[in-house]
Structure formats: structure tokens, C-alpha cells
Undergrad: 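Would you mind keeping the following structure in view while I ask a few things?
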Amino acid sequence: METMGDIRDILEIDRQQGPDITKEAIIGPERKFRRQLGAPKVSRRPEGMAREVFALLYNDKKDVPPLFPTDTGQGYKNTKANLSMKSVRPWKWMPFTNTARSDNAVFHHWRRVSDEGKEYPFARFNKKVQIPTYSDSEYASYLANDSWTRAETDHLFDLCRRFDLRFGIMADRWEQSKFSKRSIEDLKERYYGICSALAKIKTGQGLTPEMRNYVFDAEHERKRKEQLARLYSRTKEQVEEEQMLQNELRKIEARKKERDKKQDLQKLITAVDSQAGEMRRPGRVPKRRLAPATRPKMDSLSGEITSIKFPDLKGSGVYLRSQRMKLPANIGQKKIKAIEQLLVEMNIEANPTPTEEICQHFNELRSDLLLLHELRTAMSSCEFELQSLRHQYEACNPGKTLVIPPELCSGGDPATSNPDINPAAKESPAPNKMEIIDVVGSPQTSPCKC
């Protein structure tokens, strides 16, 4: 680092007498920190290694993990052998016998001296099936069978004890030179039949209460194995034919489902057509409440007249009846305010008691009020168009005046002229605009060319 004297020499300034200002003079002498003797060395995580991987590889003792599992009970945290000053446990080459064997064979192996004289530990894994026994009187009274002799039955139970109910080996070791040939199903049927009969008359080894009502169906087992043998012995052509038939079956089921869907759709179309035909029948008085699909629609300058489709609660579970009177979300705020204003004019509560009858009639009333609001809006649009046409006519024909018929004016508002809505209309009836409301759907008159 350059000193103050060097800077003065560069700038050609006379140097003052005194010690030079250096870094050490300002900051002080540099202190070198040395690691104390015996302090643990901190291992740093290699660059690019994830923190979780570093935590798994290096423990508190900073030892690498073992390459093989340990039995220390501490996992990788204690991988080194803990050698102490105690004496090593002695091992000895000693003989032993297996209590599971009946021939008293003697074998030798290495064993701790402290375990000398103990039972062979693997002998407990030798489990034997408890085979029931029977006496001569029991056989004569309950177990006698015309198709089985006493000698064949005794030979069967001797094989059961020798081979622990391994019926495949028992059928192979069956002495066909002395007795007639028996299949595996015959051996099972005879053995379980005897066990069921003995369980009903006594209790003992190999006899449980569940065996009293157990019946082995040998005929069903024979048919099952025969069917498996036929399935296994199929040729390649038969397998391909079966696969082809399964594919055809899937196609037939798919066509059947498609046909059922078309039939359901045709039934729905027929029902709608029949309902529409009844509405168009001459001399029929239309109902005040129409289905949502058959509500009259009216295209006008202001929009489209539709009905209110209230939610149809057909799901399972409990629900409040007042939910049926909830207006759907597709109704705008302006229409909701208009309905509420009409309800206030008619002195009707906005939330009446939701009985079954009130819910139905209240929803019908609000749907009709929405229709009335839309008709008023359409009528206002028609009057605006009439006034616009009148002004255009007068502008194109100076000195002439277009006279609008009084029945097209707004003097007779349906809301005030209908006696069902306003009782005062009985005293002063006004022209009925509902009969001439079709003027909304008529083509517009093109402006004249002056």
C-alpha cells in the first residue's frame, strides 16, 4: 500500500518531517488467529453438495458412514468398535441334539460356553399338525364306510402323521399294491369327513369346533381341476379365437350403450314435441307458468326475455326448503332490484315462510314479475323507436306530422291495466298492450332517404 510520503513525492510536495502514516498505524498490527491446540476441526461442506446430503454423510463426530450395517443400536453415529479391557467371551466346539428329530442324531457346532446345555434354538420352528385319533368302538359306531376299509383308513391317518397333511405327497406314497388307487380328492374327502364326525362326539388334539360343520366337496374340486386342465391345454388357435370373441363382445356392448343413449334422447325429443304441440293446440288457454324449456323468448332492442330457472335440489341428504326460493346467480342485479321493487309495490314480503305451496307460488310469481319487467323494457324500446321514426319522418317531410295510434302509446301500462296485478284497473280499464306486443318482433322500418 502506498504511504503518504509516496503521494507527496508524486505530487511534488515537500515532505514533512515525521513518521509515515501507514495501514498498520491507522488500523493497528494484524493479528493472526491460530487454532488452539486440541480444538475440533470443522469440516466444510463441499461446493455443489446439498445440505441434506452433507448432514447424512457427516455426523457429529465427523466420521464417514459405515459401508455395512452395524448392530450397535446407534446407526452410523457410532461406527467404530468399542474395545474395552474386558475379557473375550470364550467359544467352544461342542455337540448338540435337535429335539425336533426322533432319531437322536448328534451334531457339532461352535457355541458360546455360557450357552452349553441349552436347547437347540431352531427346534421351536418345527411345527407338527395335530392329527386326531379314534378307537375301535368309535370307528365302528361313527366312521365306518362301505367304500373305505379299516386298513385303508389307518394307512391314510399314518400318512397324515408322517407328511403333515401334504396330500400331494400322501397320494404319491399311497400303497397301490395293497389298496385300490385313491386320488387327492378321495383322501381329502375321507380325512375331513372323519375329522368332522369326531369333532361332533368329542374334543381332543386336532379337533376344533369349526370342524364340526366342515364338509369337503370333492366333486367340485374334481370339476375345478378338470376345467383348469382344459384351460391349460388350449391350442394357440383356440386362444386367438377366444380373444376375438371377447373383442366382439366389447363392441356389441359399446353399440348397445350407444343405442340406449339414442333411444333416451329420442324419448326426450318426443316428449318436448308433444308438449309444444299441446301449447300450439287451438282453443287451449296457455298456463301462466311454463316450463323453463318452453318459456316464451322475445328478441328486442333491449335484450332477451327468459324465465327464472330455480335450482332443482334432487341430491341426497337434508336441505332447507328456503334454498328452493334462492334466485340463481345468472340473474343480474338490475333484474333482482326490479323484482324486489315490484314485490314492494304489491305489499309482498321478500322472504315469506317457505312452505311447499308458498315456495311454488312465490317462484312462479317472481318468474312472472321478471317477464313483466322484460315486457316493460321492450315496450320502452318500442316507444323510443316509434318516436325516432316520427322525428325522421318529420325531418324528411317538412310540414307533415306522423300520427301514432293511441293504442301504441304507453297510456295503458300492463302493470296498471291488468286487474290481477292492480285492482284499481277494474274501475278505469286501459288498452291491453299484451295483444299487440308482437310489434317488438316485427322488422324495423328503414329511414327514408331525403
Side-chain angles (χ1 to χ4, degrees), residues 71 91-226 228-229 232:
D71 56 354
W91 289 68
K92 183 180 180 182
W93 181 261
M94 61 181 66
F96 73 96
T97 58
N98 189 353
T99 56
R101 300 175 62 98
S102 58
D103 54 357
N104 296 324
V106 179
F107 304 95
H108 292 75
H109 66 171
W110 285 100
R111 204 171 187 181
R112 293 193 182 114
V113 176
S114 60
D115 296 338
E116 186 176 3
K118 293 184 179 180
E119 184 182 2
Y120 184 60
F122 293 97
R124 65 178 184 273
F125 296 107
N126 184 45
K127 302 295 182 181
K128 290 188 177 182
V129 181
Q130 299 293 331
I131 305 299
T133 58
Y134 52 86
S135 61
D136 295 339
S137 59
E138 291 173 349
Y139 183 87
S141 302
Y142 305 102
L143 308 179
N145 195 326
D146 297 336
S147 59
W148 283 77
T149 62
R150 173 66 183 271
E152 287 180 323
T153 305
D154 295 341
H155 180 55
L156 170 64
F157 272 74
D158 179 62
L159 292 177
C160 292
R161 295 184 184 92
R162 288 172 56 190
F163 302 109
D164 291 336
L165 296 182
R166 297 179 176 88
F167 288 96
I169 302 177
M170 292 163 54
D172 181 70
R173 300 299 177 89
W174 184 263
E175 296 184 3
Q176 300 182 10
S177 59
K178 295 182 180 180
F179 312 106
S180 59
K181 184 178 180 180
R182 300 288 184 177
S183 63
I184 297 178
E185 291 75 19
D186 296 334
L187 300 181
K188 288 184 177 181
E189 185 179 21
R190 179 59 174 169
Y191 172 75
Y192 288 115
I194 291 177
C195 291
S196 178
L198 292 176
K200 294 178 181 179
I201 61 176
K202 68 176 184 177
T203 58
Q205 61 177 7
L207 300 176
T208 58
E210 292 79 8
M211 300 183 65
R212 296 177 183 177
N213 299 324
Y214 180 75
V215 178
F216 179 77
D217 193 352
E219 188 64 24
H220 174 74
E221 189 70 11
R222 293 189 187 96
K223 291 181 179 180
R224 185 184 68 84
K225 290 186 176 181
E226 182 181 359
L228 289 176
Y232 181 76

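All values below were derived from every heavy atom in this structure, side-chain atoms included, with hydrogens, water molecules and symmetry-related copies excluded.
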Undergrad: How many angstroms lie between atom OH of Y142 and atom OG of S137, to the nearest 0.5 angstrom?
TA: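 Taking OH in Y142 and OG in S137, the distance rounds to 8.5 Å.
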Undergrad: Please assess R212 against S196 for the test side chain to side chain donor-acceptor pair (under 3.5 Å), listing each intermediate value before the final yes or no.
TA: CA-CA 5 Å; R212 296 177 183 177; S196 178; over 6 Å; no
Undergrad: Under a 3.5 Å distance rule, please check whether R101 uses its side chain to pair with a backbone N or O of N98 as donor and acceptor.
TA: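 Pair absent, no side-chain N/O of R101 close to backbone of N98.
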Undergrad: How long is the straight-line distance from CG of D217 back to CD of E189, given to the nearest 0.5 Å?
TA: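 Answer rounded to 0.5 Å: 8.0 Å.
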Undergrad: For Y214, does the OH atom sit with more than 12 other heavy atoms under 6.0 Å from it, leaving out its own atoms?
TA: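 Enclosed: over 12 neighbouring heavy atoms sit under 6.0 Å from OH of Y214.
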Undergrad: Kindly indicate whether a cation-pi arrangement holds for R150 with Y139, taking the cut-offs as under 6.0 Å to the six-membered ring centre and within 45° of the axis.
TA: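 That pair qualifies as a cation-pi contact.
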Undergrad: Is there a donor in the side chain of D186 and an acceptor in the side chain of Y191, or the other way round, less than 3.5 Å apart?
TA: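 Side chains of D186 and Y191: no pair found under 3.5 Å.
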Undergrad: Measuring from atom CG of L165 to atom CD of Q130, what distance do you get when rounded to the nearest 0.5 angstrom?
TA: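 Answer for the CG-CD pair, L165 versus Q130, is 11.0 Å.
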Undergrad: Measure the acute angle between the ring planes of F96 and Y120, then classify it against the limits of 30° and 60° as parallel, tilted or perpendicular.
TA: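 Parallel.
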Undergrad: Between A199 and T208, which heavy-atom pair has the shortest distance, and what is it?
TA: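 For A199 and T208, the tightest heavy-atom pair comes out as CB-O, 3.9 Å.
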Undergrad: Any side-chain heavy atom of M170 within less than 4.5 Å of one from C160?
TA: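 A side-chain contact under 4.5 Å exists here.
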Undergrad: Roughly how far, to the nearest 0.5 Å, is the OG1 atom of T153 from the CG atom of N145?
TA: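 Rounded to the nearest 0.5 Å, the CG-OG1 separation comes to 7.5 Å.
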Undergrad: Hey, does E221 have a side-chain heavy atom less than 4.5 Å from the side chain of I184?
TA: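 Not in contact.
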Undergrad: Side-chain contact, heavy-atom cut-off 4.5 Å: L187 with L156?
TA: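 A side-chain contact under 4.5 Å exists here.
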Undergrad: What are the two closest heavy atoms between P132 and C195, and how far apart are they?
TA: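 Answer, listing the atom of P132 first, then C195: CG-SG, 3.7 Å.
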Undergrad: For residues L143 and L198, determine if any side-chain heavy atom of one lies less than 4.5 Å from a side-chain heavy atom of the other.
TA: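 They are in side-chain contact.
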Undergrad: Assess whether side chain to side chain donor-acceptor pair (under 3.5 Å) is satisfied between D154 and Y134, documenting all intermediate values.
TA: CA-CA 10 Å; D154 295 341; Y134 52 86; 2.5 Å; yes
Undergrad: Could you label the plane-to-plane angle of the W174 and F179 rings as parallel, tilted or perpendicular, counting under 30° as parallel and over 60° as perpendicular?
TA: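 W174 vs F179 ring planes: tilted.
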Undergrad: Is the shortest side-chain heavy-atom distance between I131 and F157 below 4.5 Å?
TA: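 Yes, at least one pair of side-chain atoms sits under 4.5 Å.
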Undergrad: Is the shortest heavy-atom distance from the side chain of H155 to the side chain of E152 under 4.5 Å?
TA: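 Not touching, per the 4.5 Å side-chain cut-off.
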Undergrad: Between E175 and K178 (salt bridge meaning N to carboxylate O under 4.0 Å), is one present in this structure?
TA: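 Here E175 pairs with K178 in a salt bridge, since their nearest N and O are under 4.0 Å apart.
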Undergrad: In sequence, state the C-alpha distance, the side-chain angles, and the governing distance for W93 and W110, and then conclude on ring-ring contact (aromatic ring centres under 6.0 Å, His included).
TA: CA-CA 4 Å; W93 181 261; W110 285 100; 5.7 Å; yes
Undergrad: Could you tell me whether D158 and R161 make a salt bridge, using a distance below 4.0 angstrom between a side-chain N and a carboxylate O?
TA: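 No salt bridge links D158 with R161.
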Undergrad: Should the pair E185-K225 be classified as a salt bridge under the 4.0 Å nitrogen-to-oxygen rule?
TA: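 Yes, charged N to carboxylate O under 4.0 Å.
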Undergrad: Determine whether M94 and H108 make a side-chain contact, defined as any pair of heavy atoms from C-beta on separated by less than 4.5 Å.
TA: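 Not touching, per the 4.5 Å side-chain cut-off.
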Undergrad: Kindly indicate whether a cation-pi arrangement holds for R182 with W148, taking the cut-offs as under 6.0 Å to the six-membered ring centre and within 45° of the axis.
TA: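 Yes.
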Undergrad: In Å, rounded to the nearest 0.5 Å, how long is the span from CZ of R166 to CZ of R173?
TA: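 Reported to 0.5 Å precision, the distance equals 11.5 Å.
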Undergrad: Going through the checks in order, is the salt bridge (Lys or Arg N to Asp or Glu O under 4.0 Å) test met by E119 and R124?
TA: CA-CA 9 Å; E119 184 182 2; R124 65 178 184 273; over 6 Å; no
Undergrad: Would you mind reporting whether R162 and I169 have side-chain heavy atoms less than 4.5 Å apart?
TA: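 SC-SC contact between I169 and R162 ruled out.
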Undergrad: Find the distance between CG (L207) and NZ (K202) and round it off to the nearest 0.5 Å.
TA: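 The NZ atom of K202 is 6.5 Å from CG of L207, to the nearest 0.5 Å.
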Undergrad: More than 12 heavy atoms of other residues, nucleotides or ligands under 6.0 Å from NZ of K92: is that the case?
TA: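 Open: at most 12 neighbouring heavy atoms sit under 6.0 Å from NZ of K92.
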